Amino acid sequence: MTTQSAITGNTTVYGIIGWPIKHSLSPLMQNKAFSAAGLDAVFVPFAVEPKKLPEAVLGLRSLGVAGFNVTIPHKAAIVPLLDELDQTARLAGAVNVVKNSNGKLIGFNTDGDGLVRSLEHDLGCHPAGRRVLLVGAGGAARGALVSLCRAGAAEVCILNRSAGKAAELIASCTASDMQTKCSLFDASLADQHFWNRQELIINATSLGMNGEDIPQLKIEALPATASVYDMVYAPPQTVLLQKAAQRGLKTANGLGMLAAQGELAFRIWTGVMPRSGLMLKTLTDFFVLQ
Ligand code: NAP
C-alpha cells in the first residue's frame with residue numbers, strides 16, 4: 001500500500017492535467033483505489049496552462065509518467081500531441097485518459113462509457129432505442145455522443161449555445177457508420193409534440209455549476225417517464241435536477257459518471273478494475289463531509 005510518505009524510487013507515477021486543477025477529485029479516488037489494490041503507485045494533480053500543454057506533454061513523456069487523465073480545457077487540444085488514439089477517442093476527437101506504453105502516448109476516452117454505465121446504474125436507463133436530448137457540444141458531449149450511438153440510442157438531438165459546434169459534432173457522427181439519427185435542436189420546431197417524445201435529457205455543459213438554469217429545456221412538457229441526467233455533480237442538485245425532481249422525473253447527477261470514467265481509466269493503466277464501488281463511495285464520503 002502506498003501513501004505519500006511511502007513513495008520510493010519504485011513508485012509508479014500517474015496524474016491529471018487541467019487548468020484549473022485544484023477542484024479535481026480524481027487524485028482522491030485514484031489514490032484510494034491504488035492503495036486498496038496494493039499497488040505501489042501515486043496519482044498527482046498537474047496544473048497545466050493551455051499555452052504550456054505541448055511542453056507539459058513532452059515533460060510527462062520524458063519523466064516516464066505511466067498515465068494521466070486529461071480534463072478541461074485540454075481534452076481536444078491534446079489529440080495532435082499523442083502518438084496513437086483508440087477508436088473511441090478518435091471518433092470523439094477528445095481524450096480524457098492517456099497511457100504511456102513504453103514511451104508511446106496512447107489516448108483513450110472513457111467519459112462516454114462512464115456516462116452510459118452511470119445511466120444504467122443510477123437511472124436504470126440504458127440508452128438503447130431511446131430518444132435523447134444532449135445539451136452541450138464540448139469535450140464531454142463528444143465522448144457522450146459516441147457512446148450513446150454505440151449503445152444503440154435511436155435518436156440524439158443536440159442543443160448547444162454555439163450551434164456551429166453542435167453541427168460539427170453531428171457531422172462527425174453522421175460520417176461514421178453509427179445507426180443513430182443525430183440532429184440539431186431547432187427551437188422553432190420544439191413544440192409540445194417534440195418535448196413529449198424525449199425520453200432522456202443529458203446536460204453535458206457547465207451550466208448548473210453556479211446555479212444557472214437551462215431555460216430552453218421545457219421540463220414541464222416532458223413525458224412522466226422521462227429521465228434527466230446532469231454531468232455536473234457540484235452542486236449535487238442543480239436547478240435542472242430540482243425542476244425535474246419536482247415533476248417526479250427520475251434524476252441523477254454526474255458523480256456516478258465521474259467514478260465510472262475513473263474506474264475505466266484505472267483499468268486502462270493497470271489492467272484490472274479497482275475494487276467495485278470504491279471510487280463512488282470515496283466521492284460520496286467526500287461530499288458528505290463537506
Ligand atoms: P467544455 O469542452 O469546455 O464544453 C463546455 C460546454 O458547456 C460547451 O457545450 C459550452 O457551449 C457550454 N457552456 C459553457 N458555458 C455556457 C453558458 N454560459 N451558456 C451556455 N452554454 C455554455 O467542457 P466539457 O469537458 O465538455 O465539460 C462540460 C461539463 O461536463 C462540465 O461541467 C464538466 O465538469 C462536466 N463533466 C463531468 C464529467 C463527469 O464525470 N461527471 C466528465 C466530464 C465533464 P459552447 O460550445 O457554446 O461554448
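Computed from a predicted structure; not experimentally measured. The figures here come from the full heavy-atom set of this structure, side chains too, leaving out hydrogens, waters and symmetry mates. First listed ligand is number 1; within each ligand, the first listed atom is number 1.
The closest side-chain heavy-atom distance from Leu240 to Leu217 is below 4.5 Å.
No salt bridge links Glu55 with Lys52; every basic N to acidic carboxylate O contact stays at or beyond 4.0 Å. Using a cut-off of 4.0 Å between Lys/Arg side-chain N and Asp/Glu carboxylate O, Asp285 and Lys32 are scored as not salt-bridged.
Between atom 7 (O) of ligand 1 and the options Ile202, Thr205, Asn96, the minimum heavy-atom separation is to Thr205. Nearest to atom 43 (C) of ligand 1 by heavy-atom distance, out of Glu212, Arg161, Lys75, is Lys75. Within the set Leu159, Asn160, Leu258, the minimum heavy-atom distance to atom 40 (O) of ligand 1 is found for Leu258. Nearest to atom 32 (O) of ligand 1 by heavy atom, out of Ser206, Gly143, Gly139, is Ser206.
Shown in contact with Ala137 at under 4.0 Å from a heavy atom are these atoms of ligand 1, numbered in order with element: 9 (O). Ligand-side atoms of ligand 1 in range of Lys165: 45 (P), 46 (O), 48 (O), range being under 4.0 angstrom from any heavy atom. Less than 4.0 angstrom separates some heavy atom of Ile72 from each of these atoms of ligand 1: 23 (O), 25 (O), 27 (O). Atoms of ligand 1 lying under 4.0 Å from at least one heavy atom of Tyr233, given by number and element, are 41 (N). Here is the list of ligand 1 atoms found below 4.0 Å of a heavy atom in Leu207: 17 (C), 18 (N), 19 (N), 20 (C), 21 (N). For ligand 1, the atoms sitting less than 4.0 Å from at least one non-hydrogen atom of Val232 are 32 (O), numbered in the order shown with element in parentheses.
Of all protein heavy atoms, the one closest to atom 42 (C) of ligand 1 is Met257 CE, 3.6 Å. Atom 35 (C) of ligand 1 has Met231 CB, 4.1 Å as its closest protein atom, hydrogens excluded (heavy atom only). Ser162 OG, 3.4 Å is the protein heavy atom nearest to atom 45 (P) of ligand 1. For atom 4 (O) of ligand 1, the closest heavy atom belonging to the protein is Gly138 CA, 3.5 Å.
Using a 4.0 Å cut-off between heavy atoms, Ala140 contacts ligand 1 through both its backbone and its side chain.
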Exercise. After noting the C-alpha distance and the side-chain angles of Leu53 and Val57, does the key distance pass the side chain to side chain contact (heavy atoms under 4.5 Å, CB included) rule?
Worked result: CA-CA 6 Å; Leu53 181 65; Val57 172; 4.0 Å; yes
For this session: Please assess Asn109 against Val95 for the test side chain to side chain contact (heavy atoms under 4.5 Å, CB included), listing each intermediate value before the final yes or no.
Result: CA-CA 5 Å; Asn109 190 310; Val95 162; 6.0 Å; no
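Ring geometry, Tyr233 versus Phe287: the interplanar angle exceeds 60°, so the pair is classed perpendicular (tilted spans 30 to 60°). Between Phe194 and Phe185, the ring planes are perpendicular. Angles over 60° get that label, and only those under 30° would be called parallel.
Where the criterion is an N or O separation shorter than 3.5 Å, residue side chain and backbone included, Ala141 fails it with respect to ligand 1. Note: no N/O pair closer than 3.5 Å links Gly136 and ligand 1 by distance alone. Backbone and side-chain nitrogen or oxygen atoms of Met209 are examined, and none is located within less than 3.5 angstrom of a nitrogen or oxygen of ligand 1.
Interatomic distance, CD of Glu168 versus CG of Asn160, reported as 10.5 Å (0.5 Å rounding).
No more than 12 heavy-atom neighbours from other residues, nucleotides or ligands sit within 6.0 angstrom of NE2 on His121. Under a cut-off of 6.0 angstrom, the local environment of NZ in Lys243 is crowded, with over 12 non-hydrogen atoms contributed by other residues, nucleotides or ligands.
Of the possible donor and acceptor atoms, none in the side chain of Ser118 sits under 3.5 Å from a partner among the backbone N and O of Gly114. Under a 3.5 Å cut-off, the side chain of Arg275 and the backbone N or O of Ala37 do not form any donor-acceptor pair.
Distance check for atom 16 (C) of ligand 1: a protein heavy atom is found below 4.0 Å.
The closest approach between any non-hydrogen atom of Ala204 and ligand 1 is below 4.0 Å. Residue contacts with ligand 1: Pro73 is excluded, as none of its non-hydrogen atoms falls under 4.0 Å.
Under the 6.0 Å cut-off for aromatic ring centres, Phe68 and Phe46 do not qualify, their centroids lying 6.0 Å or more apart.
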